[in-house]
Amino acid sequence: MFKDVLGEPLTINERLFQSAAGEWKLEKDDRHRYLLLLADTIKSPDEIWAYWEPLRDTPGKSRLVRRYIKAFDLADQQQFGYGVFELRDEGWTGTTLFMPRQDRSDAVRLRYINNQRAGSIIYRKGGVRI
């Protein structure tokens with residue numbers, strides 16, 4: 001259990017690094033190389049966005065989702081940490097945590113992150129502009 005910058009308890013467990021089928025994703029796109037940066041995405045995000053996501057398997061129902069975003073400058077490239085948590089019966093549970101593909105251009109990575117900014121921004125680190 002970890003409390004985020006808003007004081008909300010987040011469940012950090014293996015699910016953050018597994019596919020829906022339970023397969024490990026740590027090696028996918030070199031995620032394992034960036035674990036400390038990814039942890040910083042949750043501990044000290046630049047932005048947190050919240051929105052209601054419709055449940056695919058239950059028409060008419062939605063789940064509250066939070067997206068955590070953090071920008072990093074690595075090897076003269078702007079990179080982004082990105083994490084998603086869903087509000088479930090047991091509380092805020094992580095569903096994914098990764099850095100968008102490193103082999104893409106800065107513009108492509110920025111466009112991907114901009115597309116994740118859905119719903120309402122509920123936290124922005126003072127003065128940060130991504």
Under 3.5 Å, which donor-acceptor pairs link side chains of residues 60-68 to any protein atom two or more places apart or in another chain?
| unit_1 | atom_1 | unit_2 | atom_2 | d |
| --- | --- | --- | --- | --- |
| R63 | NH1 | E86 | OE1 | 3.2 |
| R66 | NH1 | D4 | OD2 | 2.8 |
| R66 | NH1 | Y68 | OH | 3.3 |
| R67 | NE | Y51 | OH | 3.3 |
| R67 | NE | Y82 | OH | 3.2 |
| R67 | NH1 | Q116 | O | 2.9 |
| R67 | NH1 | Q116 | OE1 | 3.2 |
| R67 | NH2 | Y51 | OH | 2.7 |
| Y68 | OH | D4 | OD2 | 2.5 |

(message) Could you work out, with side chain to side chain donor-acceptor pair (under 3.5 Å) as the rule, every residue matching T41, not counting sequence neighbours?
(response)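 Side chain to side chain donor-acceptor pair (under 3.5 Å) list for T41, sorted by chain: empty.
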(request) Output all residues satisfying side chain to side chain donor-acceptor pair (under 3.5 Å) with T95, sequence neighbours left out; order by chain, then residue number. (result) none
(request) Report yes if some heavy atom in the side chain of L10 is under 4.5 Å from a heavy atom in the side chain of M1; otherwise report no. (result) no
(request) Check whether any side-chain heavy atom of L110 sits under 4.5 Å from a side-chain heavy atom of F80, and report yes or no. (result)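 Sidechains of F80 and L110: in contact.
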Find out if a path of hydrophobic residues (ILVMFWY) with successive side-chain heavy-atom gaps under 4.5 Å connects [X] to [Y].
| X | Y | value |
| --- | --- | --- |
| L55 | V84 | no |
| V5 | W92 | yes |
| V108 | I113 | no |
| I121 | I69 | yes |

(request) List the atom of F98, the atom of P100, and the distance in Å for their closest heavy-atom pair. (result)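 Looking at all heavy atoms of both residues, the closest pair is CD1-N, 3.7 Å.
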To the nearest 0.5 angstrom, please state how far the [atom1] atom of [X] sits from the [atom2] atom of [Y].
| X | Y | atom1 | atom2 | answer |
| --- | --- | --- | --- | --- |
| L37 | M99 | CG | CE | 5.5 Å |
| I42 | L38 | CD1 | CG | 7.5 Å |
| K70 | D46 | NZ | CG | 4.5 Å |
| Y123 | L6 | OH | CG | 7.5 Å |
| Q79 | F72 | CD | CZ | 9.5 Å |

(request) Output every pair passing ring-ring contact (aromatic ring centres under 6.0 Å, His included) with a member in residues 7-31, not counting sequence neighbours, ordered by first then second residue. (result)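 Found none.
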(request) Output every pair passing salt bridge (Lys or Arg N to Asp or Glu O under 4.0 Å) with a member in residues 106-115, not counting sequence neighbours, ordered by first then second residue. (result) D106-R109
